[in-house]
Amino acid sequence: MRNFERPDSVYAPNMPVDPALFDFAKTIESDQPWPRPACPSCQTGYIGFSLPTEDESHASVSARDHFAFEPEWISGTFVVRGNCENPECQQAVYGTGDYHVDLSQKSNRDDDFEQQGPPYSKYYTVTHLHPPMLLMPIPQSAPDEVREAVLRASRVLFADPGLAATALRATVERFLTSQGISATRPNAQFRNVHERIKEWRDADSHRPQVADLFFAVKWLGNAGTHEDSDLTTIEVLDGARVLDEAFHRLFMGPDIDAHARTINAAKGPSRRP
């Protein structure tokens, strides 16, 4: 029996970016296990996925009549359903995307291809998950506007990595706004995020290292806004790891201090009824 529980909430500041998201950023070969991400609803269970349902494209079906037809010509779309393995949650998650057929790398021969020769597999590329998987953990003490910006990036992570990177940069901007770093000049002109990070950094001698992390997320977001952006989902997830580390350094102390106060007040473990 699988263990559905995690030791901490995904909102805990010491949780890294979910490794399952990196697995979803790659093609998934048929007959191989699907990633099990953290549940976006209860944050304590894992999502277990069933076998995908495929819909071969019209062009692919038509190509089967060609005299030189090869299995590699097969392609289409798919949908897959997952459920949280926490029996008290059971949140449903739906995934969609594209699939194609190619030579097998890990799986055994696919029974759909009845011919002698090399084994083939179907390869699934996820383009959307709903509800979205949380791109990165959000510390409980983070401002609401920061939380909303991370959720916005999470919604488009697989569908549009460039837009997700831009949303990550906006997360930094929202954090700066929450810290009183104005987004506009006295003449109402907008300030660029680089200038705002510098102002925030220079206000405290302990901030330069975190500011460097913000600058990295800014550069990634800039790349995502370009018309010819070719950012990958994995590159965006790497950027999320950088932003996660920045927020970890900023918010871990307040969260730990608050937890310590509850223990001190209770003179022992703080247990809610």
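What you see is a predicted model, and the numbers here were worked out from it, not measured in a lab.
Thr77 has its side chain out of reach of Ser57: every pair of non-hydrogen atoms, C-beta onward, lies at least 4.5 Å apart. Residues Val236 and Pro161 form a side-chain contact, since some pair of their non-hydrogen atoms from C-beta on lies under 4.5 Å apart. Using a 4.5 Å cut-off on side-chain heavy atoms (C-beta onward), Ser178 and Asp144 make no contact. Counting only heavy atoms from C-beta outward, the side chains of Gln91 and Cys42 never approach each other to under 4.5 Å. Here the side chains of Pro143 and Val146 are in contact, with some heavy-atom distance below 4.5 Å. With contacts defined as side-chain heavy-atom distances shorter than 4.5 Å, the pair Tyr120/Ser30 does not qualify. Inter-residue side-chain proximity for Pro40 and Val93 is flagged as met; some heavy-atom pair is nearer than 4.5 Å. With contacts defined as side-chain heavy-atom distances shorter than 4.5 Å, the pair Cys39/Cys89 qualifies.
Residue Phe69 qualifies as enclosed at atom CZ: its count of foreign heavy atoms under 6.0 Å is above 12. When the shell of 6.0 Å around CD1 of Ile234 is examined, it contains more than 12 heavy atoms from other residues, nucleotides or ligands. Environment of CD in Gln209: sparse, with no more than 12 heavy atoms of neighbouring residues, nucleotides or ligands closer than 6.0 Å. Dense packing is recorded around CZ of Arg155, with more than 12 heavy atoms of other residues, nucleotides or ligands lying under 6.0 Å away.
Ring geometry for Phe24 versus Phe158: interplanar angle over 60°, hence perpendicular rather than tilted (30 to 60°). Ring planes of Phe214 and Phe247: perpendicular class, angle over 60° (limits at 30 and 60°). The aromatic rings of Tyr123 and His100 sit parallel, their planes meeting at an angle under 30°, below the 60° perpendicular limit.
For Phe78 and Tyr124, the distance between ring centers is under 6.0 angstrom.
Defined by atom type and a distance below 3.5 Å, a donor-acceptor pair is present between the side-chain atoms of Thr177 and Arg196. With hydrogens and angles left out, the side-chain atoms of Thr125 and Asp98 include no donor and acceptor closer than 3.5 Å.
From Phe190, atom CZ reaches atom OG1 of Thr184 across 7.0 Å, with rounding to the nearest 0.5 Å. Once rounded to the nearest 0.5 Å, the distance linking OG1 of Thr127 with CG of Leu157 reads 11.5 Å. The structure places CH2 of Trp200 at 10.5 Å from CG of Asp202, a figure rounded to the nearest 0.5 Å. Atoms NE2 and CG, on His194 and Asn222 in that order, are 10.0 Å from each other to the nearest 0.5 Å. The distance from atom CD of Glu56 to atom OG of Ser75, rounded to the nearest 0.5 Å, is 7.0 Å. Here the CD-CG distance, from Glu145 to Leu176, works out to 11.0 Å after rounding to the nearest 0.5 Å.
Taking both residues in full, the closest heavy atoms of Leu220 and Glu235 are given as CD2-O, 3.8 Å, listed atom of the first, atom of the second, then distance. Looking at every heavy atom in both residues, Ala149 comes nearest to Thr171 through CB-OG1, 3.2 Å. The two residues Leu135 and Ala240 come nearest to each other via the heavy atoms CG-CB, 3.9 Å. Residues Gln90 and Asn83 share a closest heavy-atom pair of O-ND2, 3.4 Å. The minimum heavy-atom distance linking Arg207 with Ala203 is given by the pair NH1-CB, 3.7 Å. Smallest separation of non-hydrogen atoms from Pro208 and Arg201: CA-CG, 3.7 Å.
Salt-bridge check for Glu85 with Arg36: passed, with a basic side-chain N closer than 4.0 Å to an acidic carboxylate O. A salt bridge links Arg185 to Glu195: one of the charged nitrogens lies within less than 4.0 Å of a carboxylate oxygen. The pair Arg241-Asp238 meets the salt-bridge criterion, since a charged nitrogen lies less than 4.0 angstrom from a carboxylate oxygen. Under the 4.0 Å criterion applied to side-chain N and carboxylate O atoms, Lys218 and Glu173 are not assigned as salt-bridge partners.
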Q: Output, in order, the C-alpha distance, side-chain angles, deciding distance and verdict of side-chain hydrogen bond (donor to acceptor under 3.5 Å, both in side chains) for His206 and Asp204.
A: CA-CA 5 Å; His206 295 95; Asp204 190 322; 3.1 Å; yes

Q | CA sep, side-chain torsions, deciding dist, call: Ile181, Glu199, side chain to side chain contact (heavy atoms under 4.5 Å, CB included) | A | CA-CA 7 Å; Ile181 307 299; Glu199 179 183 338; 3.7 Å; yes

Q: Test Trp73 against His66 for ring-ring contact (aromatic ring centres under 6.0 Å, His included), laying out the working first.
A: CA-CA 10 Å; Trp73 296 9; His66 194 279; 5.3 Å; yes

Q: Tell me, with the steps shown, if Asp31 and Lys106 meet side chain to side chain contact (heavy atoms under 4.5 Å, CB included).
A: CA-CA 9 Å; Asp31 296 330; Lys106 299 178 181 178; over 6 Å; no

(Q) For Glu148 and Arg174: C-alpha separation, side-chain torsions, deciding distance, then whether salt bridge (charged side-chain N to carboxylate O under 4.0 Å, His left out) applies. (A) CA-CA 9 Å; Glu148 177 53 40; Arg174 290 193 178 196; 5.6 Å; no

Q | Worked check of side chain to side chain contact (heavy atoms under 4.5 Å, CB included) between Ile74 and Arg64 | A | CA-CA 8 Å; Ile74 297 173; Arg64 288 177 178 267; 3.2 Å; yes

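Residues Val126 and Leu237 share a single hydrophobic cluster, defined by chaining ILVMFWY side chains whose heavy atoms lie under 4.5 Å apart. Hydrophobic cluster membership differs between Leu129 and Leu163, with clusters built from Ile, Leu, Val, Met, Phe, Trp and Tyr side chains linked at under 4.5 angstrom. Placement of Val172 and Val156 in two distinct hydrophobic clusters is found when ILVMFWY residues are connected by side-chain heavy-atom separations under 4.5 Å, directly or transitively. Linking ILVMFWY residues whenever their side-chain heavy atoms come closer than 4.5 Å, directly or via other members, leaves Met136 and Leu231 in distinct clusters. Note on Leu134: it clusters hydrophobically with Trp34, by side-chain heavy-atom contacts below 4.5 Å among ILVMFWY residues.
Arg249 contributes no side-chain N or O that, together with a main-chain N or O of Val210, makes up a donor-acceptor pair within less than 3.5 Å.
Applying the side chain to side chain donor-acceptor pair (under 3.5 Å) test between Ser121 and each of Glu29, Gln32, Gln105 identifies Glu29 as the sole match.
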